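Below, each value reflects all heavy atoms present in this structure, side chains not excepted, and no hydrogens, waters or symmetry copies. No experiment lies behind these values; they were computed from the predicted model shown.
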Amino acid sequence: MLTSKTSASPAAEGRPAIRTRGTMARGLSLLALALLLTGLALLAVHLLRPAPLPYESVDPAVLQAALEAGGTLSAERRTVVDAALSLVGQVHYFWGGKSGTIGFDPGWGEMAVVEAAGSETTGTLRPRGLDCSGYTSWCFIQTGMTFAEMEACFGNGTHWQWQKSDPVGWNELQPGDLLFQHEPGAGKGNHVGIVVGFTEAGEPLVAHCAAGFDGVVVTGRGDIFRYPRRPRCYGA
């Protein structure tokens with residue numbers, strides 16, 4: 001007696017293959033989603049991580065040694081350097097911040113709206129302080145200038161402080177001279193600081209009011225300060 005053999009229909013034979021392909025597709029989709037989420041997480045960590053500072057604050061012992069080895073300065077330069085150092089760690093960075101006071105401005109530290117345009121902090125409420133050129137201006141005002149005299153002699157803002165100073169060689173720098181980040185017309189925001197001394201290796205130490213430190217700090221020149229200049233108000 002012949003036994004009939006039941007064969008699976010074409011549709012039935014295809015179902016396991018369809019399920020296999022569907023499982024593989026779902027697996028690949030989940031893997032792609034996992035990779036995407038991992039990539040987004042890594043991107044978020046990178047974006048939220050504080051940007052590395054282009055310079056580091058100077059150890060107080062290094063600064064003290066530099067000041068002791070600074071040699072003799074004119075009374076005007078000594079006043080500028082002493083004024084620059086007096087605000088280290090004492091004043092916040094405030095975009096557009098200026099002051100014409102002799103001595104510590106009692107308005108520093110009071111909460112105020114940043115009104116100057118051009119900064120991501122514009123329109124926000126922050127402790128009042130100085131920006132980089134406002135800091136250098138204040139230091140020169142401490143020599144006895146009025147604000148108007150400072151504007152005429154030294155300059156108000158990085159543009160005019162550059163225009164009212166002359167280039168000097170790195171080996172000609174003295175405490176009280178200026179260091180700038182960019183030349184005018186570079187299409188970038190500039191930054192300025194005051195040389196307050198030198199390391200044993202002869203590298204300048206710079207006091208500046210920096211947004212990255214939210215205040216006045218003394219650092220090396222790092223990869224920021226590229227242009228040494230001498231204010232003409234020092235005279236010959």
Side-chain angles (χ1 to χ4, degrees), residues 53 55-94 97-105 108-109 128-147 149-151 153-158 160-162 164-165 168 170 172-181 190-199 202-222 224-225 227-235:
L53 292 170
Y55 32 56
E56 297 181 355
S57 58
V58 171
D59 184 278
V62 173
L63 176 58
Q64 184 59 39
L67 295 176
E68 291 173 354
T72 303
L73 295 176
S74 69
E76 193 172 23
R77 284 180 178 271
R78 173 54 62 192
T79 298
V80 169
V81 170
D82 287 348
L85 293 173
S86 73
L87 294 190
V88 174
Q90 301 299 312
V91 176
H92 289 278
Y93 181 89
F94 189 90
K98 314 294 180 189
S99 175
T101 63
I102 298 290
F104 196 88
D105 191 322
W108 290 335
R128 189 182 296 280
L130 296 167
D131 62 15
C132 65
S133 62
Y135 166 67
T136 53
S137 294
W138 179 86
C139 292
F140 276 79
I141 285 173
Q142 303 315 297
T143 64
M145 300 181 190
T146 65
F147 196 89
E149 289 170 339
M150 177 277 297
E151 286 185 297
C153 174
F154 178 69
N156 183 24
T158 54
W160 288 110
Q161 289 173 11
W162 178 287
K164 293 178 181 294
S165 60
V168 293
W170 288 104
E172 300 176 297
L173 271 178
Q174 298 179 44
D177 287 337
L178 302 178
L179 291 182
F180 288 84
Q181 181 179 10
N190 214 340
H191 190 53
V192 64
I194 296 174
V195 176
V196 294
F198 299 90
T199 67
E203 283 294 306
L205 300 176
V206 195
H208 53 117
C209 194
F213 287 94
D214 189 29
V216 178
V217 66
V218 177
T219 71
R221 61 172 168 162
I224 291 295
F225 295 107
Y227 298 95
R229 296 181 70 84
R230 179 161 299 157
R232 295 191 197 108
C233 57
Y234 283 136

Which residue pairs pass the salt bridge (charged side-chain N to carboxylate O under 4.0 Å, His left out) test with at least one member in residues 134-144, sequence neighbours excluded? none
Between P228 and W170, what is the shortest heavy-atom contact and its length? CD-CZ2, 3.7 Å
Over all heavy atoms of both residues, which pair between L179 and F225 is shortest? Give the atoms and the distance, please. O-CD2, 3.4 Å
With sequence neighbours left out, write down each residue that passes ring-ring contact (aromatic ring centres under 6.0 Å, His included) with F180, or none if nothing qualifies. W162
Verdict with reasoning, F94 to D131, per side-chain contact (heavy atoms from CB on, under 4.5 Å): CA-CA 5 Å; F94 189 90; D131 62 15; over 6 Å; no
Would a 4.5 Å heavy-atom cut-off, applied to side chains only, mark W138 and L87 as touching? yes
Atom pair CG/CG of L130 and D105 - distance to nearest 0.5 Å: 8.0 Å
Compare every heavy atom of T136 with every heavy atom of Q161, then report the nearest pair and how far apart it is. OE1-OG1, 2.9 Å
To the nearest 0.5 Å, what is the distance between OH on Y135 and CD1 on I194? 5.5 Å
Looking only at heavy atoms, the pair that brings Q181 and N190 closest together is N-OD1, 3.3 Å
Given S133 and K98, is the side-chain contact (heavy atoms from CB on, under 4.5 Å) satisfied, shown in steps? CA-CA 8 Å; S133 62; K98 314 294 180 189; 2.7 Å; yes
S137 side chain near E151 side chain, heavy-atom distance below 4.5 Å: no
If the plane angle is over 60° it's perpendicular, under 30° parallel, otherwise tilted; pick one for Y234 and F140. tilted
In short, R77 meets L73 closest at the heavy-atom pair CB-CB, 4.2 Å
To the nearest 0.5 Å, what is the distance between CZ on F198 and CD on Q174? 8.0 Å
Kindly determine whether L178 and F154 satisfy side-chain contact (heavy atoms from CB on, under 4.5 Å), including the steps that lead there. CA-CA 11 Å; L178 302 178; F154 178 69; 3.7 Å; yes
Gap between atom CZ of F147 and atom CD1 of I102 - 0.5 Å precision: 12.0 Å
Closest contact, heavy atoms only, V195 versus V81: O-CG2, 4.0 Å
Who are the side chain to side chain donor-acceptor pair (under 3.5 Å) partners of K164, not counting sequence neighbours? none
CD1 (I141) and SG (C153) are apart, to the nearest 0.5 Å, by 11.0 Å
Does the side chain of Q142 come within less than 4.5 Å of S86's, by heavy atoms? no
Side-chain contact, heavy-atom cut-off 4.5 Å: V196 with P175? no
